[in-house]
Amino acid sequence: MAKYIVNPILLRMKESERGSVYQSIVALGMRARQINDQIRSEFQMRAKDYISNLEESEDAQKELFEISKDFDIIPKPNFIAMKELLEDKLRFRIPNDAKK
């Protein structure tokens, strides 16, 4: 897990370049949700054949266990989003609010 630790000083420096830290946190949260949805859909796609046969077959249980082990090693979506931000792969813009 040590390779996924985010240096808070580097994160603050990166955020001070862009403006508000709070806006970046919101963008990170939205990106983490997108990543989580992608991971979940990929898991469901790989596991859908085995879920229907789960109670009938012990092989299905073993295969589902192997699939879940593959997904356990994937870093958390928050870490992936932070890494994308630090590597300048995450772009976000703040829409201009219409002033009334």
Side-chain angles (χ1 to χ4, degrees):
M1 203 63 173
K3 65 181 177 179
Y4 300 116
I5 293 176
V6 176
N7 185 341
I9 295 171
L10 290 176
L11 189 61
R12 291 270 179 169
M13 289 172 57
K14 186 65 94 173
E15 295 314 310
S16 65
E17 295 172 3
R18 296 179 184 221
S20 174
V21 174
Y22 301 107
Q23 293 168 346
S24 297
I25 290 172
V26 170
L28 283 173
M30 294 174 85
R31 178 63 183 139
R33 281 188 212 110
Q34 288 175 343
I35 293 168
N36 189 44
D37 290 342
Q38 290 171 352
I39 292 171
R40 183 182 306 141
S41 67
E42 184 180 337
F43 175 77
Q44 289 174 346
M45 212 172 8
R46 285 182 58 188
K48 73 178 178 181
D49 296 333
Y50 302 107
I51 290 175
S52 61
N53 300 331
L54 192 60
E55 293 182 12
E56 299 170 4
S57 172
E58 191 171 307
D59 291 335
Q61 291 175 353
K62 289 179 183 176
E63 283 297 321
L64 196 56
F65 181 72
E66 291 298 320
I67 292 171
S68 66
K69 280 180 24 180
D70 291 342
F71 282 90
D72 281 345
I73 61 173
I74 296 174
K76 300 288 183 188
N78 293 334
F79 287 121
I80 297 171
M82 283 186 224
K83 185 177 177 188
E84 287 178 358
L85 179 72
L86 290 174
E87 293 175 352
D88 288 328
K89 293 180 181 176
L90 178 64
R91 302 276 184 226
F92 63 93
R93 65 178 180 86
I94 299 143
N96 294 333
D97 291 337
K99 295 184 180 182
K100 296 180 181 181

Starting at [atom1] of [X], measure out to [atom2] of [Y] and round the result to the nearest 0.5 Å.
| X | Y | atom1 | atom2 | value |
| --- | --- | --- | --- | --- |
| Lys76 | Ile35 | NZ | CD1 | 13.0 Å |
| Leu28 | Leu85 | CG | CG | 5.0 Å |
| Glu63 | Ile51 | CD | CD1 | 13.0 Å |
| Ile80 | Asn36 | CD1 | CG | 9.5 Å |

What heavy-atom pair brings Pro77 and Ala32 nearest, and what distance separates the two atoms?
CB-O, 3.4 Å
Using the test side-chain contact (heavy atoms from CB on, under 4.5 Å), find all partners of [X] that sit at least two apart in sequence or belong to another chain.
| X | result |
| --- | --- |
| Arg33 | Met30 |
| Asp37 | Arg40 |
| Lys48 | none |

Let me check something: any side-chain donor-acceptor pairs from residues 64-72 under 3.5 Å, sequence neighbours excluded? List them with distances.
unit_1, atom_1, unit_2, atom_2, d
Ser68, OG, Leu64, O, 3.4
Ser68, OG, Phe65, O, 2.7
Asp70, OD2, Arg46, NH2, 2.9

What residues, two or more places apart in sequence or in another chain, satisfy side-chain hydrogen bond (donor to acceptor under 3.5 Å, both in side chains) together with Glu42?
none
